[in-house]
Amino acid sequence: MSMTNFIQFDRDDIDNAKGTGLISTIDRDLDIKVTPFDSTNEKAPTHRVYAKSPRGHDIEVGGIWKKTSGEGKPYYTLSIKRLGFNANLGRYPGQDDLALQAIIEWEPRD
């Protein structure tokens with residue numbers, strides 16, 4: 001079985017890391033590329049998410065945002081608005097690679 005729903009960043013410092021990964025759902029598989037995005041806007045994403053068009057062009061499809069939990073701990077969320085796809089990033093159980101992040105899908109709130 002191959003791994004799905006992940007991003008492999010090129011370093012542990014996710015804020016400044018590039019990455020590649022795969023998002024699989026019941027009706028699609030998206031190979032994704034993630035690049036850091038620098039902005040002075042506090043609501044801007046930390047990363048832009050790109051996928052391939054049918055003709056092979058990189059197109060921006062979403063973003064990753066850094067947020068802070070109620071306990072004051074940082075975490076990351078990923079959104080691909082056009083697909084209604086929302087997820088948190090987190091570690092896979094049993095693995096120690098901080099640069100490998102699972103994409104944990106969740107349903108949007110109404």
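The model shown is predicted, which means the values in this text are computed figures rather than measured ones.
Using a 4.5 Å heavy-atom threshold, the side chains of P36 and K18 count as touching. Taking the side chain as every heavy atom from C-beta outward, T77 and L89 never approach each other to under 4.5 Å. Within the 4.5 Å cutoff, the side chain of Q95 has heavy atoms near those of the L100 side chain. At a threshold of 4.5 Å between non-hydrogen side-chain atoms, the residues M3 and Y92 count as touching. Contact check for E105 versus N88: no side-chain heavy atoms found under the 4.5 Å cut-off. No side-chain heavy atom of L22 sits under 4.5 Å from any side-chain heavy atom of I32.
A continuous path of hydrophobic side-chain contacts links I103 to I80 [ILVMFWY only; heavy atoms under 4.5 Å].
Across every non-hydrogen atom of K66 and D15, the tightest pair is NZ-OD2, 2.8 Å. When all heavy atoms are compared, the tightest approach of P45 to G63 is CB-CA, 4.3 Å.
Checking side-chain atoms of N5 against main-chain N and O of S24 turns up a donor-acceptor pair under 3.5 Å.
The distance from atom OG1 of T20 to atom NZ of K33, rounded to the nearest 0.5 Å, is 10.0 Å. Note: W106 CH2 to N86 CG = 4.0 Å, rounded to the nearest 0.5 Å. Going from atom CD of Q101 over to atom CG of L78 covers 11.0 Å, rounded to the nearest 0.5 Å. Note that CG of D31 and CD1 of I23 are 10.0 Å apart. Values are rounded to the nearest 0.5 Å. Summarising the geometry, atom CG belonging to D10 is positioned 10.0 Å from atom CG belonging to N16; distances are rounded to the nearest 0.5 Å.
When hydrophobic side chains of Ile, Leu, Val, Met, Phe, Trp and Tyr are connected at separations under 4.5 Å, L98 ends up as a singleton with no cluster partners.
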**OP:** Given side-chain contact (heavy atoms from CB on, under 4.5 Å), test I64 with I7 step by step and report yes or no.
**Re:** CA-CA 11 Å; I64 295 175; I7 299 171; 3.9 Å; yes
**OP:** Decide side-chain contact (heavy atoms from CB on, under 4.5 Å) for L83 and L30; before the verdict, give the C-alpha distance in whole Å, the side-chain angles of both, and the deciding distance to 0.1 Å.
**Re:** CA-CA 11 Å; L83 300 178; L30 291 176; 3.7 Å; yes
Original post:
Run the side-chain contact (heavy atoms from CB on, under 4.5 Å) check on I14 and H47 step by step: do they pass?
Top reply: CA-CA 9 Å; I14 292 174; H47 294 78; 4.2 Å; yes
**OP:** Apply the test side-chain contact (heavy atoms from CB on, under 4.5 Å) to residues W65 and Y76: give CA-CA distance (whole Å), side-chain angles for both, the deciding distance (0.1 Å), then the verdict.
**Re:** CA-CA 6 Å; W65 285 261; Y76 296 89; over 6 Å; no
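A salt bridge does not link R91 with D97: every distance from a Lys NZ or Arg NE/NH1/NH2 to an Asp or Glu carboxylate oxygen is 4.0 Å or more.
Residue-environment remark: CG (D29) exceeds the threshold of 12 foreign heavy atoms within 6.0 Å.
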Return all side-chain donor-acceptor pairs below 3.5 angstrom for residues 48-57, not counting sequence neighbours, or 'none' if the list is empty.
from : atom 1 : to  : atom 2 : distance (Å)
R48  : NH1    : E60 : OE1    : 3.0
K52  : NZ     : D58 : OD1    : 2.9
S53  : OG     : R55 : N      : 3.3
S53  : OG     : G56 : N      : 3.3
S53  : OG     : H57 : N      : 3.0

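Using modelled atom types and a 3.5 Å distance limit, the side chains of D27 and T25 yield a donor-acceptor pair.
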